[in-house]
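Worksheet: the structure to be examined is printed underneath.
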Amino acid sequence: MLNQSFSYENFRILLDVENRKGRYLEDGVFFDSDIFKKPREISKSIIEKNKEIREESYTVKSIKKIEDRNYTKLDKLNLDKDELKKTREKELENVLIEIVKRTDVEGYELKIKKGQIKWDSQLYEIEHNPENYFVTKQLQRNIFKTFKVKQASRKIIIDQLRLLLDDGFPKLIIRTDIKKFYESIPHKELLAKIEENSLLSYPSKKMIRRVLNQYWGILIADGVKTNSDERVGIPRGIGFSAYLAELYLRSFDKKIKSLSNVTYYCRYIDDIVIIITPKHRNETKTVLTYQNEVKRILLTSTKLKINTSKTKVIDLTPKNQERKKSITYDLTYLGYKFKISFNKKTEKKYGKTKTFSSKNKLKVLMSDDKFNRYKDKIDTSFDDFNSAIIKYSSTKNSTERMLLKRIKFLTNNHQLFRRKSNVFIGVFFSNEYLTNPLSDLTELDDYLKTKISALPTTTNGKLIDKLNQLSFENGFKTQSIVRFNTDSFMNGKMIKIWKNL
């Protein structure tokens, strides 16, 4: 049976899982309190011991005659390393047991509060401390394991879409989203789905109910809702809310996929793309009929509504007369803009001129929002530099270094800190499906050059030379990896100015 307890054993598993994801909880700055200080110091000793082992191993192996090799020191170093690892594990155990004790007290609960407003939506957060972090992650894991729900992969969706949009087959594409998705999920129906699952533990169910109650209390206190209103909504920004949303929409997803002529369906949170392939040229079912069917299924299965104002239909069927002329369709989804274009062409055959439509190769660009966020980050970096260089003239060198770091970060790629697997972020890895010519990146390079040329005349010439060498297009093409000082990256000094962008 699945162990769903908020225990040392589970927290130990979570610690390794988070480290593999690039969130190194022991680094001393992840939490306000440096609770992992002792095991982290032992980890540093293990790293030093590994260095000694490598050096001694090289020394031993450099002796040509095997019988002359002396492994005594190397064996001793390996024994010392094993002892350090045991000591570190014991220290980790002590820390995690202390965290467990903090959760095992009367009145402990995950208390939520309002956070920042992002993309016109109110986000919520849980107080960031070790006990809340581990409990939230365990609760998220319990929901995932017992309901088998998870969020769709952005990468897989984008990869599938670009192939489908470029295949040339007749199709209808419906792009839409769910109106006020998180804010409209009814508690009664959601909790019914949770309660009927006998595998999810009682403590997990209790915590979910308490979080929903707190959320509803905040809405009432803010005057958004009243006691007589139907209880709806789950808090955006809380980790396990995404899993609850996926659980709630599971039946809707299945029903849409089973519709006649639907050949592809994807949903990322509340953003939906449906591809419909008519079975024959004389298909009588209209686009409006399909749209109304989607609306009906969503409303009857979830009580949620389609956002009509954000619904877009692209008709790529042969009967679409628009394609007798040159035309381009845009589909924006998950940070990319897909451009499906057709050119009008004429051909003379047997003395007759024939006009037909020829499909061009699919172009993939950044979405307008993503492109503008890059420009905003460039602006913010230079604005911060111009402000700091006046206010803190005595720290001119460090101010110049910070600007260089930020632009280097934007135009290159970076490996997630302490990630065991090869996972990277950056200009290539966040935009890998862009197609040639890389017009967005060349435009960003031009924009960057204008910001550099507008720097004060007193700016260090070496800094300007280094900035001029940086390029979005080059960072994308070479997939260049840049390493940053751990402290400057992890504690937010370098990237915190972009937090709300």
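Just so you know, these numbers come straight off a predicted model, no measurement behind them.
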For residues 91-105, which side-chain N or O atoms pair as donor and acceptor with protein atoms under 3.5 Å away, sequence neighbours left out?
unit_1: Asn94; atom_1: ND2; unit_2: Lys90; atom_2: O; d: 3.4
unit_1: Arg102; atom_1: NH1; unit_2: Glu131; atom_2: OE1; d: 3.2
unit_1: Thr103; atom_1: OG1; unit_2: Val100; atom_2: O; d: 2.7

Sequence neighbours left out, cut at 3.5 Å: what donor-acceptor pairs do the side chains of residues 447-461 make with other protein atoms?
unit_1: Tyr447; atom_1: OH; unit_2: Asp379; atom_2: OD1; d: 2.6
unit_1: Tyr447; atom_1: OH; unit_2: Asp379; atom_2: OD2; d: 3.0
unit_1: Lys449; atom_1: NZ; unit_2: Asn468; atom_2: O; d: 3.4
unit_1: Thr450; atom_1: OG1; unit_2: Tyr447; atom_2: O; d: 2.5
unit_1: Lys451; atom_1: NZ; unit_2: Asp379; atom_2: OD1; d: 3.3
unit_1: Ser453; atom_1: OG; unit_2: Lys449; atom_2: O; d: 3.2
unit_1: Ser453; atom_1: OG; unit_2: Thr450; atom_2: O; d: 2.8
unit_1: Thr459; atom_1: OG1; unit_2: Pro456; atom_2: O; d: 2.7
unit_1: Asn460; atom_1: OD1; unit_2: Lys462; atom_2: N; d: 2.8

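The pair Arg175-Asp271 meets the salt-bridge criterion, since a charged nitrogen lies less than 4.0 angstrom from a carboxylate oxygen.
Here the closest heavy-atom approach between residue Leu403 and residue Ser381 is recorded as CD1-O, 3.7 Å. Across Phe30 and Tyr24, no two heavy atoms sit closer than the pair CB-O, 4.1 Å. Between Ala152 and Ile157, the closest heavy-atom pair is CB-CD1, 3.7 Å. Among all heavy-atom pairs drawn from Glu89 and Arg12, the shortest one is OE2-NE, 2.7 Å. Across all their heavy atoms, Ser43 and Glu26 have their closest contact at OG-OE1, 4.3 Å. Closest approach of Leu434 to Leu365, counting heavy atoms only: CD2-C, 3.4 Å.
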List the steps and the verdict of side chain to side chain contact (heavy atoms under 4.5 Å, CB included) for Lys370 and Tyr336.
-> CA-CA 8 Å; Lys370 184 194 277 191; Tyr336 288 95; 4.3 Å; yes
Step by step, work out the side chain to side chain donor-acceptor pair (under 3.5 Å) result for Lys205 and Asn197.
-> CA-CA 10 Å; Lys205 292 176 180 179; Asn197 185 342; over 6 Å; no
Apply side chain to side chain contact (heavy atoms under 4.5 Å, CB included) to the pair Val149 and Tyr248, showing each step before the final yes or no.
-> CA-CA 10 Å; Val149 293; Tyr248 189 68; over 6 Å; no
Apply side chain to side chain contact (heavy atoms under 4.5 Å, CB included) to the pair Asn10 and Arg141, showing each step before the final yes or no.
-> CA-CA 10 Å; Asn10 278 337; Arg141 188 167 182 261; 4.0 Å; yes
Passes side chain to side chain donor-acceptor pair (under 3.5 Å), Ser201 versus Ser204? Steps please.
-> CA-CA 5 Å; Ser201 67; Ser204 297; 2.8 Å; yes
Evaluate the criterion side chain to side chain donor-acceptor pair (under 3.5 Å) for residue pair Ser5 and Asn3; output intermediate values, then yes/no.
-> CA-CA 6 Å; Ser5 63; Asn3 180 1; 2.6 Å; yes
How far apart are the C-alpha atoms of Glu473 and Lys477, what are their side-chain angles, what is the distance that settles it, and do they pass the salt bridge (charged side-chain N to carboxylate O under 4.0 Å, His left out) test?
-> CA-CA 6 Å; Glu473 185 176 6; Lys477 286 181 175 178; 3.0 Å; yes
When you look at Glu109 and Met207, which way does the side chain to side chain contact (heavy atoms under 4.5 Å, CB included) test go after all the steps?
-> CA-CA 7 Å; Glu109 65 177 345; Met207 283 193 180; over 6 Å; no
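Within 6.0 Å of atom CG in Leu79, more than 12 heavy atoms from other residues, nucleotides or ligands are found, so the atom counts as buried in its surroundings. Atom NZ of Lys179 has 12 or fewer heavy atoms from other residues, nucleotides or ligands within 6.0 Å. Within 6.0 Å of CG on Asp68 lie more than 12 heavy atoms contributed by other residues, nucleotides or ligands. Crowding of Leu163 atom CG: a count of heavy atoms from other residues, nucleotides or ligands under 6.0 Å exceeding 12. Open room surrounds NZ on Lys408; 12 or fewer heavy atoms of other groups in view lie less than 6.0 Å from it. Remark: Lys466 NZ is loosely packed, at most 12 non-hydrogen atoms of other residues, nucleotides or ligands lying under 6.0 Å away.
A distance-only check finds no donor-acceptor pair linking the side chain of Thr302 to the backbone of Leu249 [under 3.5 Å]. Between the side chain of Asp222 and the backbone N or O of Val224 there is no donor-acceptor pair closer than 3.5 Å. Side chain of Ser57 to main chain of Arg54: no donor-acceptor pair is present (N/O by atom type, distance under 3.5 Å, no hydrogens or angles). No donor-acceptor distance shorter than 3.5 angstrom exists from the side chain of Gln151 to the backbone of Tyr243, with no hydrogens or angles considered. Side chain of His187 to backbone of Gly233: a donor-acceptor contact under 3.5 angstrom is found.
Scored by the ring pair (Phe, Tyr, Trp, His ring centres under 6.0 Å) test, Phe472 finds Tyr374 as partners (sequence neighbours excluded). The side-chain hydrogen bond (donor to acceptor under 3.5 Å, both in side chains) check on Asp80 picks up Lys76, with sequence neighbours excluded. With sequence neighbours excluded, no residue satisfies side-chain hydrogen bond (donor to acceptor under 3.5 Å, both in side chains) with Arg401. Qualifying side-chain hydrogen bond (donor to acceptor under 3.5 Å, both in side chains) partners for Tyr433, counting only residues two or more places apart in sequence or in other chains: none. When the side-chain hydrogen bond (donor to acceptor under 3.5 Å, both in side chains) test is applied to Glu246, the partners found at least two apart in sequence or on another chain are Arg267. With sequence neighbours left out, Phe428 forms a ring pair (Phe, Tyr, Trp, His ring centres under 6.0 Å) with Phe476. Applying the ring pair (Phe, Tyr, Trp, His ring centres under 6.0 Å) rule to Phe429 yields the partners Phe424; only residues at least two apart in sequence or on another chain are considered.
Residue pairs meeting the salt bridge (Lys or Arg N to Asp or Glu O under 4.0 Å) criterion with at least one partner in residues 380-389, sequence neighbours excluded, are Asp384-Arg406. Sorted by first and then second residue, the pairs that involve residues 426-445 and meet salt bridge (Lys or Arg N to Asp or Glu O under 4.0 Å), not counting sequence neighbours, are Lys155-Glu432. Applying the salt bridge (Lys or Arg N to Asp or Glu O under 4.0 Å) test to pairs two or more places apart or on separate chains, those with a residue in residues 180-195 are Glu183-Arg236, Glu189-Lys303, Glu195-Arg209.
Taking the centre of each ring, Phe6 and Phe134 stay at or above the 6.0 Å mark.
Side-chain atoms of Tyr108 and Asn132 include a donor-acceptor pair closer than 3.5 Å. For the residue pair Asn70 / Thr72, a side-chain donor-acceptor distance below 3.5 Å is found, with atom types taken as modelled. A donor-acceptor pair shorter than 3.5 Å can be found between the side chains of Asn142 and Gln138.
Geometrically, Lys114 does not engage Tyr124 in a cation-pi contact defined by less than 6.0 Å to the ring centre and at most 45° from the axis.
Under the side chain to side chain contact (heavy atoms under 4.5 Å, CB included) rule, Tyr268 has a single partner from Asp177, Leu334, Val273, Ile158, which is Leu334.
Using bins of under 30°, 30° to 60° and over 60° for the plane-to-plane angle, the ring pair His128/Tyr133 lands in the perpendicular bin.
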